[in-house]
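Predicted, not measured: the structure shown is a model, and the values here were computed from it. Every number for a ligand or one of its atoms is a count from 1 in the order of the listing.
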Amino acid sequence: MLLLNATMATMDGSPAYGLVEQGAIVVHGDRIVWAGAFGDLPAEMKGQETIDLGGRLVTPALIDCHTHVVHGGNRAREFEMRLEGATYEEVARAGGGIVSTVAATRAATQDELVAGALIRVDAMIAEGVSTIEIKSGYGLDIENELKMLRAAKVVAERRPVRVRTSYLGAHAVPPEYKGRADAYIDEVCIPGLEAAHAEGLVDAVDGFCEGIAFSPDQIARVFDKAKALGIPVKLHAEQLSNLGGARLAAGYGALSADHLEYANAADAQAMAKAGTVAVILPGAFYTLRETAAPPIGAFREHGVPMAVATDCNPGSSPMSSLLLSMNMACTLFRMTPEEALAGVTSNAARALGLADAGQIRPGLRADLAIWDVEHPAELAYRIGFNPLWKRIHGGVL
Ligand code: DI6
Ligand code: FE
């Protein structure tokens, strides 16, 4: 397949989006085999199935590197409570919050979880998303954590989308372990990780390091097990307070540390040194009406790669639009539209440990999004508008 007359934002690390005007891309099987200016296209590449893009913008297909799309129920009632004045922490301590989604997730069958997730996944695909990270973390017992991860795998069988799974057993302390977080880690979280890994269900191990969840010491025990099993780690860190989660994650060479509203320059430095990606989640910041913004300036200064994701979950970020996340990252955090686009392409791939996606470059997967826009800044600029024209996933239009 030969794509002609493309304006390409290659996101290959060269300046200004790696923009190429009058570009061409040659796709063979599921790979990009050539990409560049049409004038440089080798003669033997011509004369195949050709699609004229009419000057439209082509970017790497988008990657949502932090989601909880598999979950039971919803928390619209809690949304109402917060509007009546309750804080997120008050709701959580009153038995609402994550724990109420745990009850709904446990009550759901695997098929019900898949069906619920597909509604949100379809919205993501419609915006040019090709790869989605999906976490467990609402089962909080071994069988239900496995059920969530199996449901995540089924999503990739039902739809043309790539799924990367993260085991988030250390998301919250379930009611039956109230006040016994250490016992939960030893008796459920770690054995659950072993079981999920044995079934091939774990691409990465995640945790929630926070006063309402788990301490750095408890997270470290989970990470030690991940390390022993050879699984990369990532962490929800510094979302509501600074407990040193980002530095802990960096110490384990984590793929990413996520949220980071309360992170500081020292955290940024540690992350830069470890190559840990900062995953910025403006949907949660917005929903919780948080006022502390992640230290974008420090990440920039220290060269920490920044990704942007939806955090799509029923509580703190009931958002499935990655385009809206980009807009929010710019307007709320003053990221540039180019940083926002790198955040959902090249840096999102890096946050998932994927070397074969997120850029337009020969050898990478032919996961492409074609947009009815003239300039890539338009993707972050409009609000609640989806200019996707077509999506190519693994070489298939
Ligand atoms: N931080 C979050 O924002 C989500 N999980 C987490 O650790 C919230 C999940 C929820 O409220 O259901
Ligand atoms: Fe999250």
Side-chain angles (χ1 to χ4, degrees), residues 64-79 81-82 86-106 116-117 120 132-140 148 152 164-174 181 189 204-215 218-219 222 233-241 243 245-246 249 254-263 277-290 292 294 307-320 322 325 328 348 351-352:
D64 196 341
C65 69
H66 180 139
T67 89
H68 309 249
V69 285
V70 169
H71 60 257
N74 74 75
R75 306 233 292 275
R77 174 58 198 135
E78 181 182 315
F79 178 56
M81 272 174 70
R82 282 207 311 276
T87 67
Y88 184 67
E89 282 189 77
E90 281 163 4
V91 168
R93 293 196 190 279
I98 292 175
V99 164
S100 73
T101 298
V102 172
T105 302
R106 287 178 175 176
R120 298 177 277 276
I132 303 177
E133 184 261 13
I134 303 179
K135 301 175 193 300
S136 69
Y138 291 119
L140 306 184
M148 286 187 74
R164 303 295 284 177
T165 51
S166 298
Y167 176 78
L168 181 54
H171 192 199
V173 181
C189 186
V205 170
D206 198 352
F208 187 18
C209 186
E210 194 56 67
I212 56 169
F214 297 97
S215 68
Q218 289 160 343
I219 296 293
V222 180
V233 301
K234 57 174 74 174
L235 190 63
H236 288 69
E238 273 67 89
Q239 181 185 6
L240 308 170
S241 61
L243 297 186
L255 290 171
S256 69
D258 304 37
H259 284 289
L260 301 166
E261 280 83 340
Y262 288 84
V277 177
V279 178
I280 304 301
L281 303 169
F285 173 94
Y286 168 85
T287 301
L288 303 179
R289 304 190 79 218
E290 179 58 70
V308 174
T310 61
D311 195 15
C312 179
N313 77 66
S316 65
S317 188
M319 174 166 80
S320 47
L322 198 51
S325 309
M328 287 178 169
L352 296 180

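- Without hydrogens or angle criteria, Y262 side chain to L243 main chain gives no donor-acceptor distance under 3.5 Å.
- If you look at N313 next to ligand 1, the close heavy atoms, those under 4.0 Å, all belong to the side chain.
- The part of H171 lying near ligand 1 is the side chain, judged by heavy-atom distances below 4.0 Å.
- At least one heavy atom of R75 sits closer than 4.0 Å to an atom of ligand 1.
- Using cut-offs of 30° and 60° for the angle between ring planes, the H68 and H236 rings count as tilted.
- Formation of a donor-acceptor pair under 3.5 Å by the D258 side chain with backbone atoms of L281 is not found in this model.
- In summary, H236 places an N/O/S atom under 2.8 Å from the Fe ion (ligand 2), meeting the contact criterion.
- Contacts between Q239 and ligand 1 below 4.0 angstrom, taking non-hydrogen atoms only, involve the side chain exclusively.
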Q) Step by step, would you call R120 with H71 a side chain to side chain contact (heavy atoms under 4.5 Å, CB included)? A) CA-CA 11 Å; R120 298 177 277 276; H71 60 257; 3.4 Å; yes
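- Of the protein's heavy atoms, Y138 OH, 3.2 Å lies nearest to atom 9 (C) of ligand 1.
- Using a non-hydrogen distance threshold of 4.0 Å, D311 registers as a contact of ligand 1.
- Counting only distance, with no hydrogens or angles, the side chain of E133 and the backbone of R164 share no donor-acceptor pair below 3.5 Å.
- When each of V308, V279, N313 is paired with H66, the side-chain contact (heavy atoms from CB on, under 4.5 Å) condition holds for V279 and for no other.
- When only non-hydrogen protein atoms are considered, atom 2 (C) of ligand 1 lies nearest to S316 OG, 3.3 Å.
- At least one donor-acceptor pair under 3.5 Å links the side chain of S136 to the backbone N or O of L168.
- In this structure, H259 contributes its side chain and Q239 its backbone to no donor-acceptor pair below 3.5 Å.
- Atoms of ligand 1 found under 4.0 Å from any heavy atom of H259, numbered from 1 in the order shown, are 1 (N), 2 (C), 3 (O).
- Atom OD1 is the N, O or S atom of D311 at the shortest distance from the Fe ion (ligand 2).
- Residue-level check: among N/O/S atoms of H68, NE2 sits closest to the Fe ion (ligand 2).
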